[in-house]
Peer 1: 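Submitted below is the structure of interest, expressed as structure tokens.
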Amino acid sequence: MSEFPTKVLTKGMIRKMDIVNQIEKEVKKYSEEYKNSSDDNYDFWNEHIKYVYKESIDLAKKYNANEEVVRLGALLHDIALICRMGDKKDHHINGKIMAEEMLSKYLYPVDKMNRVLSCIYNHRSSKNGTTLEDLCVADADILAHFDNIPMLFNLAYNRCNINLNEVREWIKAAFEKDYDDLSEKTKEVFKERYAQICKIILGD
Ligand SMILES: [Fe+2]
Ligand SMILES: [Fe+2]
């Protein structure tokens, strides 16, 4: 990972800052660095994070969760992957460590920071979630797949070598797994949109 902000920030400077905006800028910058230095030019921000961010804000509003905590959790949930910090299987653990370092630079209040860190640590399943904010980020991480269906086809054809005869069944199984992984609350909210997506993409 490249440098965090190096200059010492004073309380006065921080008061005038929009922390969410600052973190968004940092995540975009790291995503750009990843894209420019990876073999597949994967664009974390445009292919994944921006959708998780949007979906998590919508869920936070629907569920009356703390929007600032959810925004920061969504922006930072995959920071360890974007910055290639440690193993993929541990990215929720390493992400939590990195996020704490990033937010501490802005003297972000500890109580709110712990809630953001919980979103990151628990984002891999809404079943692990302990708070409403955890649930918003974990469910948004799944809903983001439905916002970027071209990415799913790219995964099928180019990474998993699925052929044209098998792709419909493969996508159907991926949709069903994702839907099943959502919390019961979000399954209900998403039910109609899910049916429409299945109808359009799978002809069901
Ligand atoms: Fe993740
Ligand atoms: Fe993610």
Side-chain angles (χ1 to χ4, degrees), residues 1 20 23-35 38 40-60 63 65 67-103 113-156 159-160 171 174-183 185-187 189-190 194 197:
M1 178 172 193
V20 178
I23 293 292
E24 181 179 334
K25 275 187 205 157
E26 286 196 53
V27 172
K28 282 180 177 167
K29 181 171 79 89
Y30 295 133
S31 173
E32 196 62 23
E33 284 173 8
Y34 182 97
K35 188 176 78 172
S38 68
D40 60 359
N41 295 112
Y42 185 68
D43 185 337
F44 264 101
W45 178 263
N46 283 304
E47 299 295 349
H48 181 59
I49 307 293
K50 76 173 182 192
Y51 297 115
V52 180
Y53 190 45
K54 174 194 159 292
E55 294 288 358
S56 72
I57 296 166
D58 288 351
L59 291 179
Y63 300 159
E67 200 177 311
E68 184 180 302
V69 168
V70 167
R71 280 175 182 261
L72 288 168
L75 287 171
L76 291 168
H77 79 282
D78 278 339
I79 193 67
L81 292 179
I82 302 172
C83 296
R84 296 188 181 93
M85 185 64 79
D87 277 0
K88 188 178 177 189
K89 69 172 175 43
D90 297 326
H91 76 274
H92 57 302
I93 302 167
N94 292 319
K96 184 178 165 216
I97 296 167
M98 293 178 71
E100 184 170 11
E101 202 180 323
M102 289 168 83
L103 291 169
M113 179 158 66
N114 286 336
R115 293 169 73 187
V116 175
L117 300 183
S118 174
C119 292
I120 297 165
Y121 187 75
N122 291 314
H123 83 265
R124 299 179 75 181
S125 168
S126 61
K127 279 132 193 131
N128 298 339
T130 53
T131 67
L132 210 46
E133 288 77 24
D134 288 4
L135 186 141
C136 290
V137 175
D139 280 346
D141 199 22
I142 296 170
L143 292 178
H145 298 164
F146 293 97
D147 293 328
N148 191 3
I149 290 169
M151 191 65 211
L152 203 56
F153 279 96
N154 178 57
L155 185 68
R159 296 229 187 148
C160 300
I171 297 281
F175 280 180
E176 284 172 358
K177 187 192 174 307
D178 275 344
Y179 187 74
D180 193 52
D181 284 344
L182 289 169
S183 68
K185 214 173 160 69
T186 303
K187 268 184 199 161
V189 167
F190 184 55
Y194 179 63
I197 292 170

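One-based numbering, in listed order, for ligands and for the atoms of each. Predicted model, so just to flag it, every value in this text is computed and none were measured.
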Peer 1: If you consider just the N/O/S atoms, which atom of D78 is the closest one to the Fe ion (ligand 1)?
Peer 2: OD1

Peer 1: What's the atom name of the N, O or S in H77 nearest to the Fe ion (ligand 2)?
Peer 2: NE2

Peer 1: So among E24, E26, E32, which one has a salt bridge (Lys or Arg N to Asp or Glu O under 4.0 Å) with K28?
Peer 2: E24

Peer 1: Check whether any N, O or S atom of H91, backbone or side chain, sits closer than 2.8 Å to the Fe ion (ligand 1).
Peer 2: yes

Peer 1: Can a donor-acceptor pair be found, under 3.5 Å and without considering hydrogens, that links the side chain of D87 to the backbone of K89?
Peer 2: no

Peer 1: Name whichever N, O or S atom of D141 ends up nearest to the Fe ion (ligand 2).
Peer 2: OD1

Peer 1: Using atom types as modelled and distance alone, determine if a side-chain donor or acceptor of D139 lies under 3.5 Å from a backbone N or O of S183.
Peer 2: yes

Peer 1: Under a 4.0 Å N-O cut-off, is there an ion pair linking D180 with K187?
Peer 2: yes

Peer 1: Aromatic ring centroids of Y51 and F146 under 6.0 Å?
Peer 2: no

Peer 1: The Fe ion (ligand 1) and H123: any N/O/S contact shorter than 2.8 Å?
Peer 2: yes

